[in-house]
Student: 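Take this structure first; my questions come after.
For clarity, every value in this text was computed on a predicted model and none was experimentally measured. The sequence lines fix the lettering, A, B, ..., with proteins before strands; numbering per chain opens at 1.
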Number of protein chains: 2
Amino acid sequence: MPLPSFTINLKSLECFRAIIDLGSATAAARELNLTQPAVSRCLGALEESVGFRLFNRCKGRLIPTDEALIFYDEVKITLQSVGRISRLALNLHNANFGELKVVSPPSLAEGMLSSAINAFLREHSDVSITLDSQSGQTALDMVALRAVDCGFAKLPIDHRGLICQPLISGGTVCAVPKGHKLARSKQISAKDLDDEPLILLGKGRSSRNQIDSAFADAKSRMRVRIETHTVGAACAFAKGGSGIAIVSELFARQFADKSIVLVRFRPDIRHEYAFITAKDATMSRVAQRFYEHCLRYFEP
Amino acid sequence: MPLPSFTINLKSLECFRAIIDLGSATAAARELNLTQPAVSRCLGALEESVGFRLFNRCKGRLIPTDEALIFYDEVKITLQSVGRISRLALNLHNANFGELKVVSPPSLAEGMLSSAINAFLREHSDVSITLDSQSGQTALDMVALRAVDCGFAKLPIDHRGLICQPLISGGTVCAVPKGHKLARSKQISAKDLDDEPLILLGKGRSSRNQIDSAFADAKSRMRVRIETHTVGAACAFAKGGSGIAIVSELFARQFADKSIVLVRFRPDIRHEYAFITAKDATMSRVAQRFYEHCLRYFEP
DNA sequence: TGGGCACCATTACAATCGGATATGGATGCC
DNA sequence: GGCATCCATATCCGATTGTAATGGTGCCCA
């Protein structure tokens with residue numbers, strides 16, 4: 001009596017599933033990129049090893065037996081499990097050899113993010129990274145739509161379908177031209193800036209609104225001399241003596257030199273950036289590694 | 001760049017699991033009844049197909065990588081799933097699983113068939129049986145129309161679309177009240193029953209016709225005092241002294257007690273029951289096993 | 001320090017597996 | 001009857017997968 005030998009073959013199971021799903025061995029062969037005899041023999045082998053007939057050969061067709069249908073349910077579960085293995089393997093493989101697509105606002109991309117990525121690449125020699133500079137909604141959409149693996153964006157973020165992990169946080173500083181009367185202050189408030197020529201950026205953004213409010217609260221006149229879009233430009237204007245730039249502390253540092261002084265602005269307006277990923281997709285392993293790397297890299 | 005080929009092999013997974021569990025490839029080989037080089041090569045193949053290193057070869061030992069440990073969890077789940085397949089296959093092989101719908105005439109269902117089924121259930125723990133009591137044409141139709149898997153019916157059967165396997169056979173006996181003048185006979189013929197009060201059943205059925213013929217042949221007067229429908233009732237009447245019942249030997253036995261005597265009736269009128277299945281449908285495995293069980297159970 | 005031991009990798013070779021192509025039989029459809 | 005479809009079998013061939021033999025390396029211990 002032939003007992004099941006337990007030497008079950010994955011390919012046979014795949015054949016079996018395909019035959020049940022598609023109704024014929026020839027169709028199964030097409031799906032599996034095999035020839036019909038190959039499928040036929042696989043099936044024979046499987047029947048041999050399980051020890052009972054899976055199909056009745058009836059009028060040249062394969063009719064599943066009752067047992068086959070019971071068997072099928074379990075086989076499908078197992079094959080799904082094998083599928084998970086494959087996907088996991090791919091993920092793990094990609095952690096060392098994969099590609100990572102990242103999107104970030106230009107401000108981050110040009111400064112601290114590029115050095116974080118450099119450090120990551122040194123530790124993961126075979127990973128290649130694509131860094132896309134996009135700001136605002138575009139970046140969020142790219143992550144949510146999985147056009148990229150992960151991204152960075154400024155908080156607050158209102159977007160369903162994203163997971164946001166706060167990562168970097170910094171206050172607000174004034175870039176004051178050297179020799180300016182405020183250059184020696186420990187901190188500068190909106191009141192101190194009454195009627196001072198200012199260089200501001202991010203009109204309409206939340207941090208900008210907070211600055212506006214601070215001036216309103218202090219009943220200071222806000223004299224905006226230059227509206228610009230990047231911290232680098234703002235600092236450059238400040239260096240040129242065109243006024244005091246109120247900028248994120250995080251980015252101002254890299255532009256600070258002897259011609260300007262960075263003085264803390266009061267009230268403390270926080271600039272926070274988060275690591276963002278799509279909600280309904282587990283991160284690829286590279287992305288996970290990258291996230292962990294960033295956590296370490298940016299920790300205070 | 002070597003991408004995972006997804007042609008993952010169960011044996012490789014088994015090797016991998018064993019290596020992690022036991023800590024060395026040689027130990028794994030022992031467990032799997034393989035040689036160490038075989039395991040070594042399986043491992044190599046698996047690494048090839050997943051696309052990353054599973055073990056660091058360090059000082060002649062295999063040290064699992066971080067990825068390997070993550071991979072291991074998933075592999076274990078998959079292997080357990082495969083194990084379930086094997087067990088299910090074994091169960092199906094032993095027909096230890098499933099449902100069986102049976103139809104039989106009430107006479108069988110109440111007596112010997114129920115004990116046969118009980119015995120079958122004891123041997124096949126996960127089988128559930130539905131037994132439907134129907135007689136005559138209804139039962140045959142139910143089998144032919146595949147409303148049930150199999151059934152029992154009295155021969156002769158005239159029904160296309162059925163396979164009949166004779167299973168149980170018995171003669172005819174007279175149930176004679178104790179103390180009756182015929183109670184001590186070795187056998188009783190139609191002649192002996194001339195003008196005796198009789199209890200008969202199955203009017204119009206073939207066995208009844210044979211009895212009628214026997215009386216006609218013997219030129220005996222058939223004095224039918226009671227017509228009834230079940231052997232149990234017939235025997236009860238006999239016990240009450242209402243007359244001699246002429247019944248199937250097969251069923252009379254269970255009703256025999258000290259108040260009646262069973263005496264063989266001559267000529268020998270056979271009562272035969274067959275196991276019946278639909279012609280154009282191979283029996284389910286459980287049904288086959290049940291048939292084999294019945295063959296053994298009812299063999300003379 | 002050198003020998004024994006445990007472990008892993010590699011090689012060489014044999015058996016088997018697992019594909020492909022070619023062919024044949026049965027069935028159903030026009 | 002001719003044709004298409006489907007399954008099974010035969011034969012062939014390369015890939016896979018097992019084995020035994022061998023070699024290298026690190027560890028333990030006298």
Student: Pairs under 3.5 angstrom only: tabulate donor-acceptor contacts from the side chains of residues 14-21 of chain B to other protein residues two or more places apart or in another chain.
Tutor:
residue	atom	partner	partner atom	Å
E14(B)	OE2	R17(B)	NE	2.8
E14(B)	OE2	R17(B)	NH2	3.0
R17(B)	NH1	D21(B)	OD2	2.6
R17(B)	NH2	E31(B)	OE1	2.8
D21(B)	OD1	Y72(B)	OH	2.3

Student: With sequence neighbours excluded, tell me which residues meet side chain to side chain donor-acceptor pair (under 3.5 Å) with T172(B).
Tutor: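 For T172(B) the side chain to side chain donor-acceptor pair (under 3.5 Å) partners, ignoring immediate neighbours, are H271(B).
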Student: Given dG19(C), is OP1 or OP2 found less than 4.0 Å from the side-chain N or O atoms of N33(A)?
Tutor: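 N33(A) to dG19(C) OP1/OP2: no side-chain N or O under 4.0 Å.
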Student: Nearest whole angstrom, please: distance from the P of dT16(D) to the CD1 of I8(B).
Tutor: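 So the CD1-P distance, I8(B) to dT16(D), works out to 15 Å.
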Student: To the side chain of L34(A), which of dG18(D), dA20(D), dG19(C) is closest?
Tutor: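 Among dG18(D), dA20(D), dG19(C), the one nearest the side chain of L34(A) is dG19(C).
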Student: With no hydrogens and no angle check, do the side chains of S169(B) and R270(B) hold a donor and an acceptor under 3.5 Å apart?
Tutor: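 Looking only at side-chain atoms, R270(B) and S169(B) do form a donor-acceptor pair, the distance falling under 3.5 Å.
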Student: To the nearest Å, how far apart are L10(A) CG and dT17(D) P?
Tutor: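 Those two atoms, CG and P, are 12 Å apart.
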Student: Using only side-chain N and O atoms of N9(A), determine if any of them is under 4.0 Å from OP1 or OP2 of dC17(C).
Tutor: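 No, outside the criterion.
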Student: In whole angstrom, what separates N56(B)'s CG from dG26(D)'s P?
Tutor: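 Spelled out: CG on N56(B) to P on dG26(D) is 15 Å.
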Student: Roughly, in whole Å, what's the span from CZ in R53(B) to C1' in dA9(C)?
Tutor: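 Spelled out: CZ on R53(B) to C1' on dA9(C) is 12 Å.
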Student: What's the verdict on ring pair (Phe, Tyr, Trp, His ring centres under 6.0 Å) for F52(B) and H93(A), showing C-alpha distance, side-chain angles and the deciding distance?
Tutor: CA-CA 5 Å; F52(B) 55 90; H93(A) 167 84; 7.2 Å; no
Student: Rounded to whole angstrom units, what separation is found between the CD1 atom of I63(B) and the C1' atom of dT25(D)?
Tutor: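 It works out to 14 Å between those atoms.
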Student: Where along nucleotides 4-15 of chain D does protein come under 4.0 Å, by heavy atom, of base (B) or sugar-phosphate alone (S), with - for untouched nucleotides?
Tutor: --SBBB------
Student: Indicate whether the side chain of K154(B) and that of S207(B) have a donor and an acceptor atom separated by less than 3.5 Å.
Tutor: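 Yes.
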Student: How long is the gap from SG on C42(B) to CG on N9(B), to the nearest 0.5 Å?
Tutor: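 Here the interatomic distance stands at 6.0 Å.
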Student: When the distance from NZ of K11(A) to C1' of dT17(D) is rounded to whole Å, what number comes out?
Tutor: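 So the NZ-C1' distance, K11(A) to dT17(D), works out to 14 Å.
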